[in-house]
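Encoded as structure tokens, the structure appears first; notes follow it.
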Amino acid sequence: MALTPDDVVTKQFQHVRFKDGFDPDEVDDFLDEIVIEWRKALEENTELKAKLAAFESGEKAPAAAEAAPVAAAAPAPAAPAAPVAEAAPATATAGIIELAQRLHDEHVAEGKAQRDQLIADAKSQAAKILADVEAKQREEQARLDRERNTLESRITELHDFERTYRSQLRSYIEGQLRDLDSQDGPSGSSDSPLSTSGR
């Protein structure tokens, strides 16, 4: 395939799915084509220069009379040929440089986009982790508060039970003491008449 500078400038690459940028294999293949065509152009340029030099040296060898008109006529067509041959590589070089600059800019833009995406993803993940930790902390705090309220309620119940039990125990003991006192009173009065009657 004959590659022209316009081919380099107008070359369109296929976009790759699921990521920005071009298919690296396609870009590499196209750059390989550029290198091959560029080397061919350089070899052709070298061959043309050698043929031109051989042609000019061959024209100077004949007689001086014939050499003057031919030599005068030969440089006229040859002079425009050299700039044309040199202009093509210059144009191709400019196209390659432009392509390389464009690829560089695209890769830099892709790198910046990936960097920004990674930073955004990291911030999002950090915010999610923080939110999860805060939610777990709130749940744990609520659980501890429930347990504390349950324990405080149980302690209150135990204090109430203790007071009630003490009160009931005190009432029971006092009742038993009253019963003992009441039993001691009549027996004491009955003892004294017995002792009196025994005299």
Side-chain angles (χ1 to χ4, degrees), residues 1-49 83-173:
M1 153 183 151
L3 187 66
T4 65
D6 291 334
D7 293 336
V8 174
V9 173
T10 59
K11 173 66 177 174
Q12 296 293 322
F13 296 100
Q14 295 290 331
H15 285 280
V16 179
R17 289 185 181 180
F18 307 116
K19 68 177 184 178
D20 296 329
F22 299 107
D23 183 5
D25 294 333
E26 187 177 358
V27 173
D28 288 342
D29 292 343
F30 186 70
L31 290 176
D32 290 341
E33 289 178 24
I34 290 173
V35 169
I36 291 168
E37 293 298 321
W38 183 250
R39 287 180 179 157
K40 285 181 185 177
L42 290 176
E43 290 173 4
E44 288 177 11
N45 191 15
T46 305
E47 289 175 10
L48 289 174
K49 285 182 181 178
V84 169
E86 291 176 6
T91 307
T93 302
I96 291 173
I97 290 172
E98 182 181 345
L99 174 65
Q101 183 63 42
R102 189 172 48 178
L103 288 173
H104 172 265
D105 293 342
E106 288 172 359
H107 285 299
V108 168
E110 181 182 348
K112 287 180 180 177
Q114 287 179 352
R115 177 202 64 196
D116 294 342
Q117 183 64 38
L118 287 172
I119 290 172
D121 290 346
K123 286 182 179 178
S124 172
Q125 189 174 6
K128 183 179 180 300
I129 290 171
L130 186 60
D132 290 346
V133 168
E134 289 175 352
K136 285 181 182 177
Q137 182 182 8
R138 284 193 296 271
E139 290 175 4
E140 186 68 17
Q141 187 65 39
R143 186 184 66 78
L144 291 174
D145 288 342
R146 285 194 301 272
E147 286 183 4
R148 184 187 64 196
N149 292 336
T150 302
L151 289 174
E152 287 176 352
S153 173
R154 182 70 177 143
I155 289 170
T156 303
E157 288 175 4
L158 289 173
H159 280 311
D160 291 343
F161 175 77
E162 178 190 14
R163 278 193 299 272
T164 303
Y165 184 77
R166 281 176 182 267
S167 173
Q168 289 176 352
L169 184 62
R170 183 179 290 121
S171 298
Y172 176 76
I173 292 173

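- Shown are E33, R39, K40; of these, the side-chain contact (heavy atoms from CB on, under 4.5 Å) with I36 is made only by K40.
- Atom CG of residue L151 and atom CG of residue L144 lie 10.5 Å apart, to the nearest 0.5 angstrom.
- At most 12 heavy atoms of other shown residues, nucleotides or ligands fall within 6.0 angstrom of atom CZ in R166.
- In this structure, L31 and I96 have side chains that are not in contact, with every pair of non-hydrogen atoms separated by 4.5 Å or more.
- For the atom pair CD of E106 and CG of L99, the computed distance is 8.5 Å after rounding to the nearest 0.5 Å.
- At most 12 non-hydrogen atoms from other residues, nucleotides or ligands lie less than 6.0 angstrom from CD of Q125.
- Counting heavy atoms from C-beta on, the side chains of R154 and E157 come closer than 4.5 Å.
- Taking CD of Q168 as the reference point, atom CZ of F161 lies at 8.0 Å (rounded to 0.5 Å).
- The main-chain N or O of L42 is found under 3.5 Å from a side-chain atom of T46 such that the two form a donor-acceptor pair.
- Looking only at distances, no side-chain donor or acceptor of S124 sits under 3.5 Å from a matching main-chain atom of A120.
- With contacts defined as side-chain heavy-atom distances shorter than 4.5 Å, the pair R102/D105 does not qualify.
- In this structure, CZ on R146 lies 11.0 Å from CD on Q141, to the nearest 0.5 angstrom.
- Using a distance-only test at 3.5 Å, with no hydrogens or angles considered, no donor-acceptor pair links the side chain of N45 to the main chain of A41.
- The local environment of CD in E147 is crowded, with over 12 non-hydrogen atoms from other residues, nucleotides or ligands closer than 6.0 Å.
- Shown here is R170, whose CZ atom has no more than 12 heavy atoms of other residues, nucleotides or ligands within 6.0 Å.
- Within the structure, salt bridge (Lys or Arg N to Asp or Glu O under 4.0 Å) pairs that include any residue of residues 120-137 comprise K128-D132 (at least two apart or interchain).
- The closest side-chain heavy-atom distance from L158 to E162 is not below 4.5 Å.
- For R163 and D160, the salt-bridge test passes: some basic side-chain N is under 4.0 Å from an acidic carboxylate O.
- To the nearest 0.5 angstrom, I119 atom CD1 is 12.0 Å from Q114 atom CD.
- Interatomic distance, CG of D25 versus CG of D32, reported as 10.5 Å (0.5 Å rounding).
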